[in-house]
Enquirer: 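Sending over a structure as structure tokens; questions will come in a sec.
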Amino acid sequence: MNTALIPPYTPSSLEADWQKTWFDNNVFEAHVNPEKQPFYVLEMLPYPSGQLHMGHVRNYTLGDVLARFKRAQGFNVMHPMGWDSFGLPAENAAIKRGIHPGTWTLENIAEMKAVMKKFGWSYDWSKEVTTCLPSYYGHQQALFLDFFAKGLVYKKEALVNWDPIDQTVLANEQVVDGKGWRSGAPVERKLLSQWFLKITHYADALLDDLTTLPGWPDRVKTMQVNWIGKSQGMKFDFTVQDEAGAALDPLTVFSTRPDTLYGATFCAVAPEHPLAKKAAETSPEIAAFIAEASRMGTAQEIIDRAEKKGALTPYVAIHPLTGDKLPIFVANFVLMTYGTGAIMAVPAHDERDHAFATKYNLPITPVVSLPEGHDITAAPYTGDGEVVNSPLFNGKQVDEAIATAIAKAEAEGWGEGQTQYRLRDWGVGRQRYWGCPIPFIHCPDCGVVPVPRDQLPVKLPEDCAFDGAGNPLDKHPTWKHVDCPSCGAKAERETDTMDTFMDSSWYFLRYLCPEADEPLDKTAMDYWMKGGVNQYIGGIEHAVLHLLYSRFFVKALRDMGKLPCGEPFAALLCQGMLIGNSYQKADGTYVYPSQVVWKDGKAFEKDTGEALTVLAAEKISKSKNNGDSPDELLARYGADTLRLFMLFTAPPERDLEWSEQAIDGAWRFLGRVWTLAHKVAAADALQSAPNEALNRKIHQTILRVTKDIERFHYNTMVAACMELMNDLNRAAEEGLSDTVKFGAETLVRLLNPAVPHITEHLWQVLGHTDPLYAAPWPVADEAAAQEDEITLVVQVNGKVRGKLVVPADISAEDALAMAKALDEVQPWIEGKALKKELYVPGRLVTLAVA
RNA sequence: GCCCAUGUAGUCCAACGGCAGAGACAGAGGACUUAAAAUCCUUCCAGUGGCGGUUCGAAUCCGCCCAUGGGCACCA
């Protein structure tokens, strides 16, 4: 056929047509159907910033390949999408631009959804969930009351970042260099009464059940294990004396290393500890230090990186074993939220204690034998070893000494063994407007009263003032004033809203029953969630918090009889980020990659010719312009090319570097497939002579692609298709045959999950009237895929010395015999004793000689 | 600071502990074209961040170091 007769590939109209067909026929709508096996593919729902970015495109394309593949395999696939639409940015937009958070958010959703639909992702949009609508958050309030009824909700004091000018609580990201982002005032740590969810009730289950998740990456499980931070230690008391020698309340400390008890040279308490407060009453220095420490903010990173500082109290702690008097400090690195808020410090064997002791010239006493050459004044030793200088434990290993210490303390009644977790209860209250209202009412007589269920949802008022000071809900003139549901007296609504992590902890359940009157429909849960979400896909940045909170939610809901499973996500794929070079002009502004031309290895702006500075690849962001917007790229290349680029350029879990050139490569490949399919379709007569080698390649490719999709090697899946296409083109040069046609059809079917629009079209070009979305996945003929000859490598002492072409089913004996007989191998083994010989089937023969 | 990853041709990436190369980009040469674009063909290119260890054999496993990235509880 004359290639000039092949119509041009114009994705825009073709893609729109197929999207309409899918939509008109409700192709991706999923319903409970006990006859069919369910498969739930879930991608992390986006925050509707208004701009779909390429990171989203990658995430959703990864999920779509799997969803379409599983559909072709006959599964009943659930593949929903929604909006994580509460949160700070909407409220910031309200403060800055005077636009209502709800208006801003819903407009953003409309914009993003319009772009998303152009990518051809196979979502069942009838399941869409928008977390900022009362139809969603009302059910969340109902669940919150269920948690309350189960004793999983409580209030306690907690530290927050407080902006003294704006009279408001700040998020960590709103604290810039220790100052409020708007007011510039130094931030203070403040204790406020806060709502908590008792996630620690499930600490052991959250830890132990990780072993039931083989489909999760090990690194994520490790991060969760470390986050939960279960440790065995000892809680014990120091007797405390004031400067006059009078006894005060004992000081209870927790230590994971009671084996180092004899190495304790001082004690330290958190700035918020009662003993610190007591000392501050009589000492202005200590009061000043506590005030200084309180300006540090609540972020762990800040606390860890800050210089270790303290103030000496006039009190001493009596060492329970030696009777020594240890000084007690108030120290900025001791956390009120971990253990008892007080520590025994062993500078020889703890990093922080060491830094502190060095600064204040406190003694450093090693009690675990040090490795050769270790200078204890320069660095602590935190490893294992034999305990020394400890009358009670000498000669024991660390773990034995720990057991001995606990036994002794328990026998004498001054301490006890205790399991400690790093995991803290989840503070869910936020003093902000744009979140789900916490459904409680404060009554002066009845206390905290839940809002009756028939009064849910508690809706956000529309008419709030957003000036960045205080909590808009609290300042609203009427909203919070209600009658007590219990006694009818005048009472006040809770004005805290919920952490947005609450919204994302159960959205994947609501997708399954978005219209249900109850939060969770039992039939839907039992069908879709029997084994949890089959595959969850999202960014690694959620490896700890979101995933841990969702796991907690699901366990709690299961225990309330609402769910058939105890883990939300059976399998997890964490994708890498999108990164890209940024291009900077002399005036410091940034230029989009599409506006860059390269000459002699240097970058210039297309329109002006101005030379550009190329900056190292980093996370794609709006401020750096280092990624083109999906809209523009869609118009230039179409969805299929962008999808293919995302899949091919890097494996899913790795960072993906932005490259205009790689997109061109994806475009060219689709063009070649297009041409091949048209050539095959237009051939008048096909040669029927079978091409065995090509046929084998086709079946091998089916096997490879199927396996690659199942293990998420999407980049190699595309490479396998490219290989097949190269072979088909070569074969087509020699004449179009039945085998080439079968190959082209197979190629189109295998590529369908990745590039659904062009393949649907080409399937029709190839003469099929049934749509591909309803076609089953190709099945390989294993026998036809079998190679009959293989090449074996012969190694002697690990070095390749010869090669053998042998039948694929050769026995180990024959392979070894032939290898030893090879002319190239003989010189290397002649006259030497054979230590070891090995046949690795299908691969190589290895011979080890003395 | 603590926890978790990643590092292979000029570039992006392949490689059950078994010949470092599947695929692509860029480069070079050629075909087609009045020319260019597009397209097609051919071709070039690394010893796997560094040091040490385990092994018959290490990109792959272990240890230390370097660089880069993610998370650190009120960003989502």
Side-chain angles (χ1 to χ4, degrees), chain A residues 3 44-47 49 84 86-89 160-161 169-175 194 217-220 222-223 225-227 229 298-306 308 333 337 351-352 355 422-432 499-501 503-504 539-546 548-549 574 576-577 579 598 601 616-619 648-651 653-657 659-666 668-669 671-672 675 704 713 715-716 718-723 726 729 733 791-800 803 835-838 840 843-849:
Chain A
T3 48
M44 289 182 183
L45 85 176
Y47 178 80
S49 62
D84 187 16
F86 271 137
L88 264 186
V160 296
N161 297 311
V169 177
L170 299 175
N172 281 332
E173 74 158 14
Q174 293 175 317
V175 180
Q194 297 281 303
D218 287 336
R219 59 173 162 153
V220 174
T222 308
M223 279 190 259
V225 168
N226 290 337
W227 188 264
T298 60
Q300 191 64 48
E301 186 191 351
I302 304 291
I303 294 168
D304 281 351
R305 295 181 86 115
K308 310 289 175 271
F333 66 94
T337 47
E351 299 279 353
R352 293 159 307 180
R422 207 185 73 98
L423 179 69
R424 311 196 296 254
D425 275 337
W426 176 11
V428 294
R430 298 290 181 270
Q431 296 69 42
R432 278 180 250 293
D499 179 7
T500 56
F501 273 124
D503 313 341
S504 55
I540 185 70
E541 66 271 24
H542 294 292
V544 176
L545 293 181
H546 162 59
L548 197 69
Y549 292 147
C574 288
M577 289 186 316
I579 58 177
W598 288 87
E618 58 186 321
K619 187 171 179 171
F648 178 60
T649 305
E653 50 306 328
R654 259 217 247 169
D655 286 350
L656 188 155
E657 192 167 334
S659 159
E660 293 282 313
Q661 289 157 343
I663 300 180
D664 283 334
R668 273 202 286 270
F669 171 69
R672 286 181 202 130
T675 306
R704 274 176 69 182
H713 287 210
N715 53 330
T716 55
V718 176
C721 289
M722 287 175 167
E723 232 180 284
N726 291 340
N729 268 337
E733 290 293 304
T791 303
L792 290 183
V793 169
V794 183
Q795 290 182 342
V796 181
N797 284 354
K799 297 225 166 27
V800 179
K803 287 182 185 183
K835 279 199 308 190
K836 195 173 187 176
E837 55 180 23
L838 194 68
V840 183
R843 295 240 172 222
L844 58 71
V845 171
T846 188
L847 305 168
V849 295

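In what follows, chains are A, B, ... by sequence order, proteins preceding strands, each numbered from 1. The model shown is predicted, which means the values in this text are computed figures rather than measured ones.
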Enquirer: Tell me: CD of A/Glu351 to P of B/C3, nearest whole Å?
Expert: 9 Å
Enquirer: Anything under 3.5 Å between a protein N or O and an N or O of nucleotides 29-32 of chain B, put it in a table, one pair a line.
Expert:
none

Enquirer: Work out how far the C1' atom of B/A76 is from that of B/G71, and round it to whole angstrom.
Expert: 13 Å
Enquirer: Give the rounded distance in Å between these two atoms: CG of A/Leu423 and P of B/G71.
Expert: 19 Å
Enquirer: Toward the 5' end of RNA chain B, which comes first, A/Gln194 or A/Asp655, by nearest nucleotide?
Expert: A/Asp655
Enquirer: For A/Glu653 and for A/Leu844, find the nucleotide of RNA chain B with the closest heavy atom, then tell me which residue's nucleotide is more 5'.
Expert: A/Glu653
Enquirer: Nearest 0.5 Å, please: how far is OG1 in A/Thr337 from CG in A/Asp425?
Expert: 11.5 Å
Enquirer: Rounded to whole angstroms, how far apart are CD on A/Glu173 and P on B/A76?
Expert: 7 Å
Enquirer: What distance do A/Arg352 atom CZ and A/Ile303 atom CD1 have between them, rounded to the nearest 0.5 Å?
Expert: 11.0 Å
Enquirer: Identify whether any heavy atom of A/Val793 sits under 4.0 Å from a base atom; if not, whether one sits that close to sugar-phosphate; answer base, sugar-phosphate or nothing.
Expert: base
Enquirer: What's A/Gln174 touching, base or sugar-phosphate or nothing? Going by heavy atoms closer than 4.0 Å.
Expert: nothing
Enquirer: Between B/G49 and B/G69, how far apart are the two C1' atoms, rounded to whole Å?
Expert: 15 Å
Enquirer: Name the nucleic acid region contacted by A/Arg219, choosing base, sugar-phosphate or nothing; use a 4.0 angstrom heavy-atom cut-off, strictly under.
Expert: sugar-phosphate
Enquirer: What nucleotide, of B/G69, B/C75, B/A14, holds the atom closest to the side chain of A/Met577?
Expert: B/G69
Enquirer: Not counting sequence neighbours, which residues clear ring pair (Phe, Tyr, Trp, His ring centres under 6.0 Å) with A/His542? List them please.
Expert: A/His546
Enquirer: Would you call A/Ile302 and A/Val175 a side-chain contact if the rule is heavy atoms closer than 4.5 Å?
Expert: no
Enquirer: Just N and O in the side chain of A/Thr500: are any of them under 4.0 Å from OP1 or OP2 of B/A76?
Expert: yes
Enquirer: Classify A/Gly427 by what it touches in the nucleic acid, base, sugar-phosphate, or nothing, heavy-atom distance under 4.0 Å.
Expert: sugar-phosphate
Enquirer: Select base, sugar-phosphate, or nothing to describe what A/Pro46 touches, counting heavy atoms under 4.0 Å on all strands.
Expert: nothing
Enquirer: Supply the atom-to-atom distance A/Arg843 CZ to A/Gln795 CD, rounded to the nearest 0.5 angstrom.
Expert: 11.5 Å
Enquirer: Determine the interatomic distance between C1' on B/U60 and the same-named atom on B/U54; round to the nearest Å.
Expert: 13 Å
Enquirer: CD1 of A/Ile540 to CD of A/Glu653: how many Å apart, nearest 0.5 Å?
Expert: 10.0 Å
Enquirer: For A/Asn172 versus A/Thr298, what's the shortest heavy-atom pair and its separation?
Expert: OD1-OG1, 3.3 Å
Enquirer: In whole Å, what separates the P atom of B/G47 from that of B/C3?
Expert: 35 Å
Enquirer: It should be established whether A/Arg430 places a side-chain nitrogen or oxygen under 4.0 Å from OP1 or OP2 of nucleotide B/C75.
Expert: no
Enquirer: Once you apply a heavy-atom cut-off of 4.0 Å, does A/Val849 come out as touching a base, just sugar-phosphate, or nothing?
Expert: nothing
Enquirer: Say you pick atom C1' in B/U11 and the same atom in B/C44; how far apart are they, in whole Å?
Expert: 15 Å
Enquirer: Are any of A/His713's side-chain N or O atoms less than 4.0 Å away from OP1 or OP2 of B/A15?
Expert: yes
Enquirer: Does any donor-acceptor pair link the side chain of A/Arg305 with the base of B/G1 at a separation under 3.5 Å?
Expert: yes
Enquirer: So that I can compare with my own list, what are the stems of RNA chain B, taken as at least three consecutive Watson-Crick or G-U pairs with distances under 3.5 Å?
Expert: B:1-7 with B:66-72, B:10-12 with B:23-25, B:27-31 with B:39-43, B:49-53 with B:61-65
Enquirer: Should A/Val840 and A/Thr846 count as side-chain neighbours, where that means a heavy-atom distance under 4.5 Å?
Expert: no
Enquirer: Please give, in whole Å, the distance from B/G70 P to A/Asp218 CG?
Expert: 22 Å
Enquirer: Please confirm whether the shortest side-chain N or O distance from A/Asn715 to OP1 or OP2 of B/A14 is below 4.0 Å.
Expert: yes
Enquirer: Under 4.0 angstrom, heavy atoms only, what part of the nucleic acid is A/His542 near: base, sugar-phosphate, or nothing?
Expert: base
Enquirer: Rounded to whole Å, please give me the gap between CZ in A/Arg654 and C1' in B/C13.
Expert: 7 Å
Enquirer: Under 4.0 Å between any heavy atoms, over every strand shown, what does A/Leu170 touch: base, sugar-phosphate, or nothing? Just pick one.
Expert: base
Enquirer: Please check if the side chain of A/Asn797 supplies one atom and the backbone of A/Val849 the other of a donor-acceptor pair under 3.5 Å.
Expert: yes
Enquirer: List, with names and distances, any nitrogen or oxygen atoms from the protein found under 3.5 Å away from nitrogen or oxygen atoms belonging to nucleotides 24-28 of chain B.
Expert:
from, atom 1, to, atom 2, distance (Å)
B/A24, OP1, A/Asn726, ND2, 3.4
B/C25, OP1, A/Arg668, NE, 3.2
B/C25, OP1, A/Arg668, NH2, 3.1
B/C25, O2', A/Gln661, OE1, 3.4
B/A26, OP2, A/Arg668, NH2, 3.1

Enquirer: Between A/His546 (NE2) and B/A76 (P), how many Å, whole number?
Expert: 13 Å
Enquirer: Once ring pair (Phe, Tyr, Trp, His ring centres under 6.0 Å) is applied, do any residues pair with A/Phe501, and if so which ones, sequence neighbours excluded?
Expert: A/Tyr549
Enquirer: Over how many whole Å does the gap from A/Phe501 atom CZ to B/G71 atom P extend?
Expert: 11 Å
Enquirer: Mind checking whether A/Val160 and A/Gln194 have side chains closer than 4.5 Å, heavy atoms only?
Expert: yes
Enquirer: Using the P atom as the point on both nucleotides, what is the distance between B/C56 and B/A15, in whole Å?
Expert: 27 Å
Enquirer: Hey, does A/Ala299 reach any base, or is it just sugar-phosphate, or nothing, if we go heavy atoms under 4.0 Å?
Expert: sugar-phosphate
Enquirer: If the glycosidic angle sits within 90 degrees of zero it is syn, else anti. Tell me which applies to B/G47.
Expert: syn
Enquirer: Each nucleotide in nucleotides 53-60 of chain B should get exactly one letter: B, S or -. Can you fill that in based on protein heavy atoms under 4.0 Å?
Expert: ---BS---
Enquirer: Using atom P in both nucleotides, what's the gap between B/U48 and B/C19 to the nearest angstrom?
Expert: 15 Å
Enquirer: Report yes if some heavy atom in the side chain of A/Tyr47 is under 4.5 Å from a heavy atom in the side chain of A/Thr500; otherwise report no.
Expert: no
Enquirer: Of the non-hydrogen atoms in A/Met577 and A/Asp655, which two are nearest, and what is the gap between them?
Expert: N-OD1, 2.8 Å
Enquirer: Figure out the CZ/P separation between A/Phe669 and B/C40, and round it to whole Å.
Expert: 12 Å
Enquirer: Measuring only the C1' atom in each nucleotide, how far is B/A38 from B/G50? A whole number of Å is fine.
Expert: 46 Å
